[in-house]
2 protein chains.
Amino acid sequence: MAINNNKISIKDVAKLAGVSITTVSRVINNSKHPVSSKTRVEVQKAIKELNFQPNRLAQGLINNKSSIIGVIVHDISDTYFSEMVKGIEEVTFENDYIINIYNTDRDIHKELQAVNMLKANQAEAIVFTGGHLIDDFYDQQIRGYIKQLKQQGCYIISVNPYPYDIRDIDIGNKLATRTITEYLFNKGHENIAYVTGPAISHTTWERFSGYKDALKNKGLIFREEYVISGDFTFEGGRKAALELLNRISDITAVVTANDATALGLMWELKHNGVNIPEDVSVVGIGNIPETKYAYPPLTTIALPLFELGKKIGNCLMSKLLNNKVILEDIDVKIGLIERKSVKNLL
Amino acid sequence: MAINNNKISIKDVAKLAGVSITTVSRVINNSKHPVSSKTRVEVQKAIKELNFQPNRLAQGLINNKSSIIGVIVHDISDTYFSEMVKGIEEVTFENDYIINIYNTDRDIHKELQAVNMLKANQAEAIVFTGGHLIDDFYDQQIRGYIKQLKQQGCYIISVNPYPYDIRDIDIGNKLATRTITEYLFNKGHENIAYVTGPAISHTTWERFSGYKDALKNKGLIFREEYVISGDFTFEGGRKAALELLNRISDITAVVTANDATALGLMWELKHNGVNIPEDVSVVGIGNIPETKYAYPPLTTIALPLFELGKKIGNCLMSKLLNNKVILEDIDVKIGLIERKSVKNLL
DNA sequence: TTGTACGCGTTATCAA
DNA sequence: TTGATAACGCGTACAA
């Protein structure tokens, strides 16, 4: 019979088993402190009968562990993020951690408030899956938070560039765009347009610079008029396509900042009568599942999102469980996925 | 100066402000208990200086509120779920609640364990976004959990059929498939195949029965050989397409259990030289974003996922914040989205 | 208007 | 081998 009429606590178990709460605590936690097998059995019986589970809030309070891992994503509907989240969840789940998701839409205030909540909730770790946001106010605020968070013992990991003193995983943004641009060179393309991401995202600029680097290395001049702005979304890709229509005569290929953009671009282009890759070649970054089944299937750079998520999870657990920081383990291998959206000009 | 060298507690604030922790607590919680404006200012100054935030674990322990809302999804990479999650998060975030996600892949053990963790973590509410799983063991276990959870004061909401004594939102599965099937009748189709979802999901059978009902009402006989099994995924749709190829001569249209299936089906069909809708018509359920840009754009039933998510969020907040159960508010309006994947036979 | 003391459910320290 | 008791950080009845 429960003392409290709704929640079963350690007291109820102790009472039922006829022992002290200390003893109950010992069997719960498999303590090294000896407990006679007879009492142990007695306690276990009581636990089973009452369906008792220790209140993790209380455990967290005394152990200074919340079991909360904050995961900040820019857009959970973008497979880029959901695949990563899936990977993280898969491993943290095994270790009884709580994944606390925040969907920020790259809004600096929401992102900031999310971090603030995570701080109040004593998050043991935070993962910034979407990279840094470029904004002075954000920058200043986030620095303060990170300092306080670290002081609290919170472990912070970021994917994509995050220019603070935290564990930052280089997902190879720059390399990705450079690689795919060079691939286009090898297929004989030289007049290559680029569709960017949103200006507020640091990732946007990293990827953009990879494209420019490739141009430079090849001795080609960078043309401002070949740059069209996007926002990492399918809709953004469509809009970019409309702008591209005017310049289609000069351009033979277009590199997009991410797959969603490429998909939207191709869709709108097609609906305007331009054929891919016959009239213009298109490539993306990410290799999200949809790219495989696009029309035509998209040539892109594979970013192993799900695996990355798992690696982040492992990295988190290693730190949180054993206080060991894994550094070498996270090495993101990007790869070129050659499909049907590029025409060979040679 | 902090007493504890890493975490700032209410004690630190009290000390700095030269008052008792009670007073600090009062200003934090905007208590009705009077506090002189002078001390209030003093305390606020100290709070600001120390960047103090109350530890929500401790608050939760004493208030018996964890601020945790568990959200169980079958596949976070399926837009069907991520859109809903986005909606839920948007409203719960405003009220300082924590969204705790579990991705179960419809695995009964994972689903069960997720519920178990949520129980230990004193979740204030749980949302089953993916509907009931059909399995005797699962069924028996989940009933026990639900009972205990309710005893703990946990509020439970389910989307799609959930045959337990909890708040269940009828998303109109049966109506959806019936409606779309009748739409096909109106376009002159009578030999209509059906691609199911995974057998373990209750949703699968609800949707299936809508198709059968439509047939019955129309006076058409149900043919077992027109049924192909799928699993709610793109890949499952592709496999179904392969099976469909043999029977394509008799069939003029196919209803699929969800959009992902329809998309996969169309893709594979196309790659096997069958044109949609010229050779066969295809329809889906869900109206996930991708359907709009498929080739051809998919005719489907709109399930307002994001809005549903927000409604669930509001429902949750109403109950958790004011202990009011909103019943009428959640009324999911499905709608036929007519696009290009159906041929008019009349 | 302010502060003391207790309790939330748990674990750790110490004594028995 | 077992059990009081303090402590984690906070809110609140009660006292002052």
Side-chain angles (χ1 to χ4, degrees), chain A residues 2-43 46-47 50 52-67 96 119-122 124 152-153, chain B residues 2-43 46-47 50-68 96 119-122 124 152-153:
Chain A
I3 291 174
N4 185 314
N5 60 6
N6 45 10
K7 289 204 182 174
I8 310 291
S9 86
I10 197 172
K11 282 183 193 166
D12 302 308
V13 179
K15 199 167 202 175
L16 182 61
V19 297
S20 73
I21 58 169
T22 309
T23 305
V24 177
S25 175
R26 282 179 186 133
V27 342
I28 292 170
N29 299 305
N30 273 34
S31 157
K32 298 202 168 196
H33 198 103
V35 175
S36 77
S37 53
K38 202 200 294 178
T39 28
R40 165 164 278 121
V41 169
E42 211 61 41
V43 170
I47 289 177
L50 296 173
F52 169 73
Q53 274 183 298
N55 180 330
R56 301 195 81 208
L57 250 54
Q59 288 181 318
L61 183 58
I62 196 152
N63 292 330
N64 195 17
K65 305 199 99 229
S66 64
S67 296
D96 286 358
K119 183 186 153 221
N121 288 319
Q122 317 294 119
E124 290 185 46
Q152 281 189 11
Chain B
I3 292 173
N4 184 316
N5 58 7
N6 45 11
K7 289 204 182 173
I8 310 290
S9 88
I10 198 172
K11 282 184 195 165
D12 302 308
V13 178
K15 197 167 203 176
L16 182 61
V19 297
S20 73
I21 61 166
T22 309
T23 304
V24 177
S25 175
R26 282 179 187 133
V27 341
I28 292 171
N29 300 305
N30 273 34
S31 158
K32 297 201 167 198
H33 198 104
V35 174
S36 77
S37 52
K38 201 199 291 177
T39 29
R40 166 163 279 122
V41 169
E42 210 61 42
V43 170
I47 289 176
L50 297 173
N51 276 310
F52 169 73
Q53 273 183 298
N55 180 330
R56 301 196 80 208
L57 251 53
Q59 287 182 317
L61 185 58
I62 198 156
N63 293 329
N64 195 17
K65 306 199 99 227
S66 64
S67 296
I68 293 175
D96 286 359
K119 183 186 154 222
N121 288 319
Q122 319 294 120
E124 290 185 46
Q152 281 189 11

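Small disclaimer: the values here were computed from a predicted structure and weren't measured. Residue numbers start from 1 in every chain, and the chains themselves are labelled A, B, ... in the order their sequence lines are given, proteins ahead of strands.
Applying the 4.0 Å criterion to OP1 and OP2 of C:dG3, one finds that B:S20 has a side-chain N or O inside that range. Between A:T22 and D:dG3 there is no side-chain N or O to OP1 or OP2 distance below 4.0 Å.
With D:dC10, D:dT12, D:dC8 as the candidates, the nucleotide lying closest to the side chain of B:K11 is D:dC8. The side chain of B:T39 lies closest to C:dT1 when the candidates are C:dT11, C:dT1, D:dC10. With D:dC10, D:dA4, C:dG3 as the choices, the nucleotide that has an atom nearest any side-chain atom of B:V19 turns out to be C:dG3.
In terms of the side chain to side chain donor-acceptor pair (under 3.5 Å) criterion, residue partners of A:Q53 (sequence neighbours excluded) are, by chain and number, B:N116, B:K119. By the side chain to side chain contact (heavy atoms under 4.5 Å, CB included) test, A:S67 pairs with A:R56, A:Y97, A:E124, sequence neighbours left out. B:S66 meets the side chain to side chain donor-acceptor pair (under 3.5 Å) test with no other residue; sequence neighbours excluded. The side chain to side chain contact (heavy atoms under 4.5 Å, CB included) search around B:I21 returns B:I10, B:K11, B:A14, not counting sequence neighbours. Under the side chain to side chain donor-acceptor pair (under 3.5 Å) criterion, A:D96 pairs with no residue at all, not counting sequence neighbours. By the side chain to side chain donor-acceptor pair (under 3.5 Å) test, B:T22 pairs with no residue at all, sequence neighbours left out. The side chain to side chain contact (heavy atoms under 4.5 Å, CB included) search around B:N64 returns A:K7, not counting sequence neighbours.
Between its two ends, the helix from C:dT1-D:dA16 to C:dA16-D:dT1 turns its axis by 50°, counting five pairs per end and rounding to 10 degrees.
Across residues 55-63 of chain B, B:L61, B:I62 each have a non-hydrogen atom less than 4.0 Å from an atom of DNA chain C (numbered order). The stretch residues 23-38 of chain A touches DNA chain C through A:S25, A:R26, A:N29, each having a heavy atom under 4.0 angstrom from the strand.
Rounded to a whole Å, the CD1 atom of A:I10 is 13 Å from the C1' atom of D:dG3. In this structure, A:I21 atom CD1 and D:dA4 atom P are separated by 9 Å, rounded to whole Å. Spacing between atom CG of A:N64 and atom C1' of C:dA12 amounts to 14 Å, rounded to whole angstrom units. Regarding B:I8, its CD1 atom lies at a distance of 11 Å from the P atom of D:dG9, rounded to whole Å.
Sorted by first and then second residue, the salt bridge (Lys or Arg N to Asp or Glu O under 4.0 Å) pairs with a member in residues 28-40 of chain B form an empty list; sequence neighbours excluded.
Taking the side chain as every heavy atom from C-beta outward, B:I47 and B:V27 approach each other to under 4.5 Å.
The residue from B:N51, B:L50, B:N55 that alone fulfils the side-chain contact (heavy atoms from CB on, under 4.5 Å) condition with B:I8 is B:L50.
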(request) Decide yes or no on side-chain contact (heavy atoms from CB on, under 4.5 Å) for B:Q59 and B:N29, but give the supporting numbers first. (result) CA-CA 11 Å; B:Q59 287 182 317; B:N29 300 305; 4.2 Å; yes

